[in-house]
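Any value given below was found using the heavy atoms of this structure, including those in side chains, with hydrogens, waters and symmetry copies removed. All values reported here derive from a predicted model rather than from experimental measurement.
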Amino acid sequence: MDLPPPEHTLAFVGTHVRLPTIGELTISSEQGLVLVDSRSGAIAAIVDLASEDEATQAARAHLALLVPAQVTKIRRAQFLMPGFVDGHAHAPQYAFHGTGLDLPLLDWLERYTFPTESKFKDVNYARRIYASAVARHLRYGTTTCAYFGTIHREATEELVRQVRTAGQRAHVGKVSMDRNSPPNYIEPSAEVAAAESALFVSNVLASRAKEEPHGVGVGGKRPALVTPAVIPRFAPSCTPPLMKALGELSRRGDGSGQKLPVHTHLSENASECAWVAEMHPEASCYADVYKRSGLLHERTYFAHCCHCNRTERTLLHEHGAGVVHCAASNFLVGGALCNVRRWLEEGVPVALGTDVSGGWSASMLDAIRQSVITSNLVSRMPDEEQPTRKWKPLSWQETLWLATQGGANVLGLGDVTGGLEPGRQFDALLVDVAPLCGGSFCVFDEDDVLTSLEKFLFTGDDRHIISVYVAGRRVAGASHAAYREHGDAAEAGKEADAVIKNAKTIRERAADENPRPLKMPKAK
Ligand SMILES: [Zn+2]
């Protein structure tokens, strides 16, 4: 076990929930311990102090070297869990979230979406909406989010700044559209659209060191918070020359040898699929249109994928692409169901997405609930492709994994985030099932942590998410004054005194060895 120096360690003592593989869920005792390297933001060790193995002994000895301010004590009725990964959200559509859900996809785009997105030409307007959108996603526990911007490069760069300032992890892309779009919301040519996307990517990469002071650059150890993505809105709104240029841009990559993610829509709605088939008779299926442009590869992920036949599914599997299941918007503007278990059985990774604002809620808790409902519906409906097949519904544990590690895997960030595992970034939620404000549900004495977690997933809200951590930093959380006074680091530090009372404090040790004052991590 490779532990950081004590002065660069943060500790979280209490119950934690881990989801090592899909459907598997482990819960530590109240003596769980997570040690985080404050320089890299990564989890250095995760043990249960109730056990006595060698790793636990080393972690316990390390804990004893920390001062109270470095230790967060997780109280009864609280637990740590991995942060949510939202695989598909439209940041500009946050402006009208919760409204305009009465139309099918193509009409909805024309009536609600394009008029709103066209306003993002104004960077000041963009700043206002994006600041609120990012804050909302983060407060709801989304530690990593895959955002669409608009066709406006400068406004989308403003979205990147807002994400970085808030301290969220994200994929962000400028949207490309050069056909079948309204006159005030279309790019003038494939060349201009491709050049603007390329400039967006290079600006985001070039501004990393300056705009991510808490990210890259700290000893070169932290993964970047923001990854630029390539976003053809969907095949109907991009000409083949534009899609080809975007395919090349994604394959040129970020300079580290890795391709850039491609984030787009696929087979959401029956009219859309028919339209694409009419426009592209040369393609064997909708996904083949993307493939022919070089846009289908292992860093590509598609929102929706409700109507994919076997040919299309095989194509995604062969190219290592992923699916983002957006249950709420599939019910509404998409008008279709996605059989998630079939995708998983066929070896295609699946994330969950809120699809704000085709989905009304920016909360991944809602995405989990809608996914469970969808899965139950799918299990009860006849399957046209396999009439004798009875599909097993997804369990809530499987669905939670899709909302965390599954999402990270689809975004190509599976080694970086998604789970409470050594080496991953500490992107986590501190959940309180009995918050001081009362919250949205009740737990009873006989409810164990598993039951409390399930209640939180199905009936909880952001009042229960008292801290949101990204890369080891507290970046959001329920803001009740009571928590500031009693609920977080201050009280945790006091309680942790008991754990480390026999230890010589690190402050004293540092004074012995090095007279410089210690830099303590800043609580936000
Ligand atoms: Zn979408």
Checking [X] side chain against [Y] main chain: does a donor-acceptor pair fall under 3.5 Å?
X: T143; Y: V470; value: no
X: Q78; Y: I74; value: no
X: H62; Y: P4; value: yes
X: S329; Y: G358; value: no
X: R18; Y: P82; value: no
X: T150; Y: E117; value: no
X: Q70; Y: V67; value: yes
X: R299; Y: L411; value: yes
X: Q425; Y: I43; value: no
X: S267; Y: H307; value: no

For a 4.5 angstrom cut-off between non-hydrogen side-chain atoms, does [X] reach [Y]?
X: T113; Y: Q93; value: yes
X: F302; Y: C308; value: no
X: V449; Y: H16; value: no
X: N330; Y: L337; value: no
X: L266; Y: T264; value: no
X: H97; Y: W360; value: no
X: L19; Y: L400; value: yes
X: F331; Y: I373; value: yes

Next on the checklist: Applying side chain to side chain contact (heavy atoms under 4.5 Å, CB included) to V340 and S371, what does each step give before you reach the verdict?
Outcome noted: CA-CA 9 Å; V340 170; S371 298; over 6 Å; no
Next on the checklist: Counting only heavy atoms not in D2 (residues, nucleotides, ligands), do more than 12 fall under 6.0 Å from its CG?
Outcome noted: no
Checklist entry - More than 12 foreign heavy atoms under 6.0 Å from CD of E54: is that the case here? => result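 Check fails, neighbour count at 12 or below.
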Would you compute the distance between atom [atom1] of [X] and atom [atom2] of [Y] and round it to the nearest 0.5 angstrom?
X: L394; Y: N339; atom1: CG; atom2: CG; result: 8.5 Å
X: L10; Y: L35; atom1: CG; atom2: CG; result: 9.5 Å
X: T72; Y: R75; atom1: OG1; atom2: CZ; result: 11.5 Å
X: R474; Y: S467; atom1: CZ; atom2: OG; result: 3.5 Å
X: L453; Y: L25; atom1: CG; atom2: CG; result: 6.0 Å
X: H171; Y: L260; atom1: NE2; atom2: CG; result: 9.5 Å

Checklist entry - Regarding R136 and the six-membered ring of Y140, is the cationic atom NZ or CZ under 6.0 Å from the ring centre and inside 45° of its axis? => result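 Cation-pi check for R136 and Y140: passes.
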Could you tell me whether [X] and [Y] make a salt bridge, using a distance below 4.0 angstrom between a side-chain N and a carboxylate O?
X: R313; Y: E385; value: yes
X: R169; Y: D427; value: yes
X: R342; Y: D383; value: yes
X: E158; Y: R161; value: yes
X: R341; Y: E398; value: yes

Checklist entry - Going through the distances and angles, do L344 and I22 end up as a side chain to side chain contact (heavy atoms under 4.5 Å, CB included)? => result CA-CA 10 Å; L344 294 172; I22 184 162; 3.9 Å; yes
Next on the checklist: For N409, give me all partners under side-chain hydrogen bond (donor to acceptor under 3.5 Å, both in side chains), at least two apart in sequence or on another chain.
Outcome noted: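 Here the qualifying residues are Q405.
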Checklist entry - Considering residues at least two apart in sequence or located in another chain, which fulfil the side-chain hydrogen bond (donor to acceptor under 3.5 Å, both in side chains) criterion with S51? => result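 For S51, the residues satisfying side-chain hydrogen bond (donor to acceptor under 3.5 Å, both in side chains) (neighbours in sequence not counted) are T56.
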Between [X] and [Y], do the side chains contain an N or O donor and an N or O acceptor separated by less than 3.5 Å?
X: T165; Y: Q162; result: no
X: T451; Y: D448; result: yes
X: D86; Y: T354; result: yes

Item to check | side chain to side chain contact (heavy atoms under 4.5 Å, CB included) assessment of V323 paired with L316 | outcome: CA-CA 9 Å; V323 166; L316 262 63; 3.9 Å; yes
Item to check | CA sep, side-chain torsions, deciding dist, call: F426, F12, ring-ring contact (aromatic ring centres under 6.0 Å, His included) | outcome: CA-CA 11 Å; F426 184 67; F12 297 83; 4.5 Å; yes
Checklist entry - For the side chain to side chain contact (heavy atoms under 4.5 Å, CB included) test, which of T144, L365, L352 pairs with F84? => result L365
Checklist entry - Out of K174, E211, R164, which one pairs with V204 under the side chain to side chain contact (heavy atoms under 4.5 Å, CB included) rule? => result R164
Checklist entry - Centres of the F148 and H265 rings: under 6.0 Å? => result yes
Item to check | Centroid separation H325 to H88 less than 6.0 Å | outcome: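 No, too far apart.
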Checklist entry - Taking the six-membered ring for Trp, are F456 and H464 parallel (under 30°), tilted (30 to 60°) or perpendicular (over 60°)? => result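 Perpendicular: the ring planes of F456 and H464 meet at over 60°.
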Checklist entry - Do the ring planes of Y130 and F120 sit parallel (below 30°), tilted (30 to 60°) or perpendicular (above 60°)? => result tilted
Next on the checklist: Let's go through D415 and R424 carefully: what are the C-alpha distance in whole Å and the side-chain angles of both, what is the deciding distance for salt bridge (Lys or Arg N to Asp or Glu O under 4.0 Å) to 0.1 Å, and is it a yes or a no?
Outcome noted: CA-CA 6 Å; D415 294 336; R424 306 268 166 80; 5.2 Å; no
Item to check | Test side chain to side chain donor-acceptor pair (under 3.5 Å) applied to Y147 and H90, H137, Q168, the passing residue | outcome: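 Per the side chain to side chain donor-acceptor pair (under 3.5 Å) rule, the option paired with Y147 is Q168, out of H90, H137, Q168.
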Item to check | Criterion side chain to side chain contact (heavy atoms under 4.5 Å, CB included) on N376 and W391, from CA distance to verdict | outcome: CA-CA 9 Å; N376 273 284; W391 292 97; over 6 Å; no
Next on the checklist: For D48 and S29: C-alpha separation, side-chain torsions, deciding distance, then whether side-chain hydrogen bond (donor to acceptor under 3.5 Å, both in side chains) applies.
Outcome noted: CA-CA 7 Å; D48 198 322; S29 75; 2.6 Å; yes
